[in-house]
Amino acid sequence: MNKKWKRLMTMLAILITVISIGTRVIADDGHDHDDDDDDDRTEYYQEKNDNDDENRHVPQNQITNLQPSEYWNVWSRESRNSPNNPLPITEPAELTFLVEGDETRVYFIPKEGQLLVSADRISELLGARVKFYQQSKIVVLQKGELELAIRAGSNAAFENRIKTPMPTQATAYENSIYLPISVAANALGYRISFDNTKKALVLQSI
């Protein structure tokens, strides 16, 4: 009886030992996988943080230089402006204006690096229809399927009913709305250049 009992106790002890060792191996194996995952996550977030730090330490002038320039005669449709743009005039004045070879004189107002023109006048010259809502200071220009709506005091335009930034605010003046010539011309399908010889703005259909 004692021999059988001792043999049973010995087998039970061996079984407990085997189970204990197996559990420890499994537990250690699972822990190693967790460590690998944590290392991967740490490396990923560290890399992201390093990239952010590099961007954060780039001098401001280098960041600015990465952006395209804003020209007074091109509507980039981005919410930026270059107030120090050199303009053909520095005070309100008339300039020679050429549209598809036809020459006339047009009054412009320089403002924050842009040339502002009367919505009524530019519509007349480009063969567009214009509707002015005096109470709300909103003007709508239409030429074929092209449409441009702006409001005095706002630097947002609605080009074909899509809200689009302008480089500077439109202005109410002399019973009209003045807007950047780049916005009016580009929205209605024209490209602007400046002829230094004739000192004239030249518009050609795009």
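Positions are given from 1 along the sequence.
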- prompt: Just how far is it from atom CD1 of I109 to atom CD1 of I181, taken to the nearest 0.5 Å?
  reply: 12.5 Å
task: Determine whether the side chains of Q204 and R191 contain a donor N or O and an acceptor N or O closer than 3.5 Å.
output: no
- line: Closest non-hydrogen atoms of S182 and I192, given as atom of the first, atom of the second and distance, are CA-CD1, 3.7 Å
- prompt: In Å and rounded to the nearest 0.5 Å, what is the OG to CD distance from S118 to E174?
  reply: 8.5 Å
query: Nearest 0.5 Å, what's the CG-OG distance between N186 and S76?
result: 9.5 Å
- prompt: With a 3.5 Å cut-off and no angle check, do the side chains of T104 and R121 form a donor-acceptor pair?
  reply: yes
query: Residues in side-chain hydrogen bond (donor to acceptor under 3.5 Å, both in side chains) with D102, at least two apart?
result: none
Would you mind writing out the side-chain donor-acceptor pairs for residues 84-100 within the sub-3.5 Å range, not counting sequence neighbours?
from : atom 1 : to   : atom 2 : distance (Å)
N85  : ND2    : E70  : O      : 2.9
N85  : ND2    : S82  : O      : 3.3
N85  : ND2    : G113 : O      : 3.4
T96  : OG1    : R105 : NH1    : 2.8
E100 : OE2    : S205 : N      : 3.0
E100 : OE2    : S205 : OG     : 3.2

Identify every side-chain donor-acceptor pair in residues 195-202 under 3.5 Å, counting partners at least two apart or on other chains, and give the distances.
from : atom 1 : to   : atom 2 : distance (Å)
D195 : OD1    : T197 : N      : 2.9
D195 : OD1    : K198 : N      : 3.1

message: For the CG atom of L146 and the CG atom of L126, what is their distance to the nearest 0.5 Å?
response: 11.0 Å
task: Working to the nearest 0.5 Å, report the span between CD of Q169 and CD1 of I150.
output: 11.5 Å
- request: Determine which pairs satisfy ring-ring contact (aromatic ring centres under 6.0 Å, His included) with at least one residue from residues 120-167, sequence neighbours left out, and list them in order.
  value: none
- prompt: Which pairs with one or both residues in residues 107-120 pass salt bridge (charged side-chain N to carboxylate O under 4.0 Å, His left out), sequence neighbours excluded?
  reply: none
query: What are the two closest heavy atoms between P167 and V183, and how far apart are they?
result: CD-CG2, 3.9 Å
message: Show me the pairs that pass salt bridge (charged side-chain N to carboxylate O under 4.0 Å, His left out) and involve residues 130-147, at least two apart or across chains.
response: E147-R161
statement: Rounded to the nearest 0.5 angstrom, the CG-CD1 distance for L179 and I122 is 8.0 Å
